[in-house]
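For reference, the structure discussed in these notes is given below.
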Amino acid sequence: MCKLFEKIINYRLSWYLEKIAFLYPKQNGFRKNRSTMDSLYEINEEIKQTTHGRRLLNTLTDFTTNRKFQVKANNHLSCEFAQENGVPQSSALSVTLFLIAINDITQNCNPPVKYNLFADYFNYWCRSNNAHTVQNLLQITTNNLEKWANKTGFNFSPGKSYCSTFTKKRVNELNIKLNYTPIANKNTVKMLGVVFDKRQTWSPYIKHLKKTTSNSLKIIKILSHASWGADSMSLIKIFNAIIQSKINYGSILYRTAAMSTLKLIDTVNNSGLRLAIRAFCSSPIQSIYNIAGIPPPTLRRIELSNKYIARLARQNGNKYSSINNEIAKLTNENVLSPVKITPREFNSTPPWEKNYQINTELNTLSKQNTAPEIFKTHVHRILDEYKNFQKIFTDASKADNGVGISIILENQNLTFKLPNECSIFSAEALAILKAIEIVNTSAHTNFLILSDSLSALNSIKNKTNPSDIAILIQNNLDKPNKKKKTNYTDMDTRAYQN
């Protein structure tokens, strides 16, 4: 019960922090729709240019005060110990509370010094033509961080800190001191699992990748035994898990390396797939990827870059101009035509306080084993419960010549054409959204929206991880509640046709 309660508090606290934009945009650690790649990509671009309120707070205070714990070993419990500081180990709240505690660390960095943050992994840097200027600015920032650590109780380890100069010129090493201890200078630095070299050739990282993935090849080789080995489908899944995942991580960064350098890791990729599908040594490389159903490394790197472009475009791109610049640059590099991508939505009201009804009762009846008369009987019975509700029917259609939606309200039949790239799920959800927008301008207070898309309705019902269109629908459902009381009911009519 304690773990469950912690998860509930953590879910609500995380939602509230995102709603009020409490966490700095540069903090990418343990936040929804953020990853290590956001921090790494920003650092990489800098190098390339060189070369709910008070009640929740009281609940948190009460929950973390006077906590006690025990240690269990060999089915024996130790004496109770008081939790003097911090949160219990493996607590669901630990990460979120830590992000709050470390959030103001970024206030110690003043322009032109830049920074980013992934949980407790803090990077700060400065670009200049004058090495002496960089030395002074970084030392001032380091001194500020020392004062901040002494004030907040955090501690920086000089042994785990390092400094690197990224330049093609010959310059002296920087002499940055932390707690009167010089920070070590390195030609290559490992940040969040990716190795950066000072000239950005990516050769050290790709050689490191080849070494680690070559060891994993031995597993594939053993499991691909001709007489007792696993089948090809299983081997491909294992290959994706232990080799392809390592190669894909950071590929949007090292894709700019020389082709001769990229071939070092591509050969491991080829060997792993050859073993997985038990192909002959003389089999052409392109045929291996074709049989395995996996895109070649070059196309895979482009695919991952395009997905990252889409994620950046959805990450409130209109809010930060730097994100827009990165999207434009990546789009040009991958020769893409600009595509309008749905921005990422955020719930305007707490998801746990939503009170509209969605009826998917008809889905409990098997379409194959239930007669149409029984469906009609159930539909009429449900509709009788909403006699005073104004009914709105929505539907969507996708064909070779386009995508469209239709909304039927009383004697009105409204139709809209959507982009051809729109999926049937998006079309069905947009039809519901358009119906709600029409409802919000109506003087009537009770509405029953009938849709034949179970997936769209289930997405709207999902309070923990709804789609962006579903969040937009949820936000529109909440709008009338601020001005007038409006009752909504969405009903699944997927099984009831004509």
Side-chain angles (χ1 to χ4, degrees), residues 1-20 22-24 26-32 34-36 39 52-108 116-123 142-162 177-181 183-184 190-193 241-242 350-353 463-465:
M1 289 297 294
C2 182
K3 286 284 186 184
L4 180 61
F5 187 56
E6 285 179 354
K7 289 182 179 179
I8 294 172
I9 295 177
N10 184 60
Y11 173 67
R12 298 191 175 195
L13 178 61
S14 298
W15 176 87
Y16 182 71
L17 293 175
E18 294 293 343
K19 178 178 174 59
I20 66 174
F22 178 81
L23 300 177
Y24 278 88
K26 299 293 185 180
Q27 171 61 275
N28 299 309
F30 301 100
R31 296 176 69 184
K32 194 174 181 180
R34 303 287 187 102
S35 70
T36 57
S39 297
H52 207 64
R54 193 70 192 171
R55 185 172 59 180
L56 181 60
L57 179 60
N58 291 337
T59 304
L60 277 171
T61 303
D62 294 339
F63 188 65
T64 55
T65 303
N66 298 325
R67 289 290 295 267
K68 296 181 179 181
F69 64 92
Q70 292 176 288
V71 179
K72 186 176 182 179
N74 297 327
N75 293 325
H76 294 283
L77 288 172
S78 69
C79 300
E80 288 188 350
F81 296 91
Q83 184 81 34
E84 296 180 359
N85 195 12
V87 292
Q89 187 176 6
S90 72
S91 169
L93 278 169
S94 299
V95 171
T96 305
L97 294 178
F98 178 80
L99 295 184
I100 296 173
I102 202 174
N103 191 52
D104 60 344
I105 188 176
T106 56
Q107 296 178 3
N108 299 287
N116 65 28
L117 187 62
F118 189 89
D120 62 340
Y121 200 96
F122 187 59
N123 302 290
T142 305
N143 295 338
N144 292 339
L145 290 171
E146 285 184 24
K147 296 177 183 178
W148 175 85
N150 294 331
K151 180 181 177 180
T152 58
F154 284 92
N155 183 36
F156 294 107
S157 173
K160 294 182 179 180
S161 304
Y162 45 80
K177 293 184 178 181
L178 176 63
N179 297 328
Y180 304 102
T181 303
I183 298 177
K190 190 174 184 179
M191 292 184 279
L192 299 173
I242 65 176
W352 53 89
E353 293 183 0
K463 295 182 179 181
T464 56
N465 191 27

Nearest 0.5 Å, what's the [atom1]-[atom2] distance between [X] and [Y]?
X: Asn179; Y: Lys177; atom1: CG; atom2: NZ; result: 12.0 Å
X: Ile102; Y: Thr152; atom1: CD1; atom2: OG1; result: 8.5 Å
X: Leu145; Y: Asn143; atom1: CG; atom2: CG; result: 9.0 Å

Any residue meeting ring-ring contact (aromatic ring centres under 6.0 Å, His included) with Phe98, in chain and number order, not counting sequence neighbours: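 Applying ring-ring contact (aromatic ring centres under 6.0 Å, His included) to Phe98 gives Phe154.
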Nearest heavy atoms of [X] and [Y], plus distance in Å:
X: Leu99; Y: Ala119; result: CD2-CA, 4.0 Å
X: Ser78; Y: Phe81; result: OG-CE1, 3.7 Å
X: Asn108; Y: Ile105; result: ND2-O, 2.9 Å

With sequence neighbours excluded, residues passing side-chain hydrogen bond (donor to acceptor under 3.5 Å, both in side chains) with Thr464: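 Once residues adjacent in sequence are excluded, the partners of Thr464 under the side-chain hydrogen bond (donor to acceptor under 3.5 Å, both in side chains) criterion are Asn462.
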Not counting sequence neighbours, which residues clear side-chain contact (heavy atoms from CB on, under 4.5 Å) with [X]? List them please.
X: Thr142; value: Tyr124, Gln139, Glu146, Ile176, Leu178
X: Lys72; value: Asn75, Leu77
X: Asn150; value: none
X: Tyr162; value: Tyr121, Lys186, Val189, Met191

Ile100 and Leu13, any side-chain heavy atoms less than 4.5 Å apart: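 Yes - at least one pair of side-chain heavy atoms lies under 4.5 Å apart.
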Side-chain heavy atoms of Asn123 within contact of Leu117, under 4.5 Å: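 Asn123 does not reach Leu117 side chain to side chain.
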Intermediate values then yes/no, side chain to side chain contact (heavy atoms under 4.5 Å, CB included), Asn116 and Phe122: CA-CA 6 Å; Asn116 65 28; Phe122 187 59; over 6 Å; no
Any donor-acceptor N/O pair, Ser161 side chain to Ile183 backbone, under 3.5 Å: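 Side chain of Ser161 to backbone of Ile183, a donor-acceptor pair under 3.5 Å: no, none is there.
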Check: Gln70 side chain, Cys79 main-chain N or O, donor-acceptor pair, under 3.5 Å: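 Answer holds: no.
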